[in-house]
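Lettering of chains follows the sequences in order, A, B, ..., and the numbering in each one begins at 1.
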Amino acid sequence: NAGVMQNPRHLVRRRGQEARLRCSPMKGHSHVYWYRQLPEEGLKFMVYLQKENIIDESGMPKERFSAEFPKEGPSILRIQQVVRGDSAAYFCASSHARDRGRNEQFFGPGTRLTVL
Amino acid sequence: KQEVTQIPAALSVPEGENLVLNCSFTDSAIYNLQWFRQDPGKGLTSLLLIQSSQREQTSGRLNASLDKSSGRSTLYIAASQPGDSATYLCAVVTGANNLFFGTGTRLTVIP
């Protein structure tokens, strides 16, 4: 049973380019969460999605960032017009749907974004 | 607003020693608390999950306790080994269903 998969593992972008980060949840999981870990800082929640729905995006920057979790395929975190301050490790987690608030979240290996 | 604090920020111990990592949170209205391990440049590995109705959980040499009313959790590691060297993260889930993380304790076990 494969765990949470993220790709790419490393991504280098120049300022102004777009970054697309992908996350495939564990089999049977329909809840996806994105977190960001800035250098020398703790992990911070960004967005929580279920299939085709954004449930909570209170941690997402208001501009340039968007996320989706389509009916088919992985969840995508998209960052437009990247800036150096976006350089960070982005982690995806997934959980079961059966009991909101009580589910263990399983994390992927992360995507390390470097903006030149 | 939920805030999670972990003390100490870093800890070095000789191999074989028992140790305790501390986690405190400001809002006791949590659903559960998870302890994770993060190795340098890697993702997070879930170690233990304690539901809000539970007092402790055990897995091998690890034991985590939860005192929800006082906003505290501890992670006890018995007979530490060099392979235990990593950053240990504590996180709580509130009604929003997302995890609030502490900044971690960086553990070094010296052979």
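- Under the 4.5 Å side-chain heavy-atom criterion for ILVMFWY residues, no single connected hydrophobic cluster contains both A/V4 and A/W34.
- Taken from CD in A/Q105 to CD in B/Q34, the straight-line distance is 6.5 Å, to the nearest 0.5 Å.
- In this structure, CG on B/N98 lies 4.0 Å from CZ on A/F45, to the nearest 0.5 angstrom.
- Applying the disulfide bond (SG atoms under 2.5 Å apart) test to residues at least two apart or on different chains, the pairs with a partner in residues 8-84 of chain A are A/C23-A/C92.
- Linking ILVMFWY residues whenever their side-chain heavy atoms come closer than 4.5 Å, directly or via other members, places B/V92 and B/L62 in the same cluster.
- By a heavy-atom distance cut of under 4.5 Å, A/G108, A/P109, A/R112 are the residues of residues 108-116 of chain A near chain B, going up by number.
- Other residues, nucleotides and ligands contribute only 12 or fewer heavy atoms inside 6.0 Å of the CZ atom of A/R15.
- Residues B/V93 and A/F91 share a hydrophobic cluster, clusters being chains of Ile/Leu/Val/Met/Phe/Trp/Tyr side chains in contact below 4.5 Å.
- Of the N and O atoms on the side chains of A/E41 and B/T103, not one donor lies less than 3.5 Å from an acceptor on the other residue.
- Using a 4.5 Å cut-off between heavy atoms, B/L89 contacts chain A through its side chain alone, with no backbone atom that close.
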For B/L99 and A/F107: C-alpha separation, side-chain torsions, deciding distance, then whether side-chain contact (heavy atoms from CB on, under 4.5 Å) applies.
CA-CA 12 Å; B/L99 287 164; A/F107 280 74; 3.8 Å; yes
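- B/F36 CZ to A/L43 CG: the interatomic distance, rounded to the nearest 0.5 Å, is 9.0 Å.
- Only the side chain of A/Q37 comes within less than 4.5 Å of a heavy atom of chain B; its backbone N, CA, C and O stay farther away.
- Contacts of A/F106 with chain B are absent, with no heavy-atom separation under 4.5 Å from either backbone or side chain.
- A 6.0 Å sphere centred on CZ of A/R64 holds more than 12 heavy atoms belonging to other residues, nucleotides or ligands.
- Using a 4.5 Å cut-off between side-chain heavy atoms of Ile, Leu, Val, Met, Phe, Trp and Tyr, with links allowed through other members, A/Y90 and A/L49 fall into the same hydrophobic cluster.
- A/M5 and A/F69 fall into different hydrophobic clusters, where Ile, Leu, Val, Met, Phe, Trp and Tyr side chains are chained together by heavy-atom contacts under 4.5 Å.
- Note that NZ of B/K42 is 8.0 Å distant from CZ of A/R9, once rounded to the nearest 0.5 Å.
- At a 4.5 Å heavy-atom cutoff, B/Q6 makes no contact with chain A through either its backbone or its side chain.
- The environment of CD in A/Q81 is sparse: at most 12 heavy-atom neighbours from other residues, nucleotides or ligands sit within 6.0 Å.
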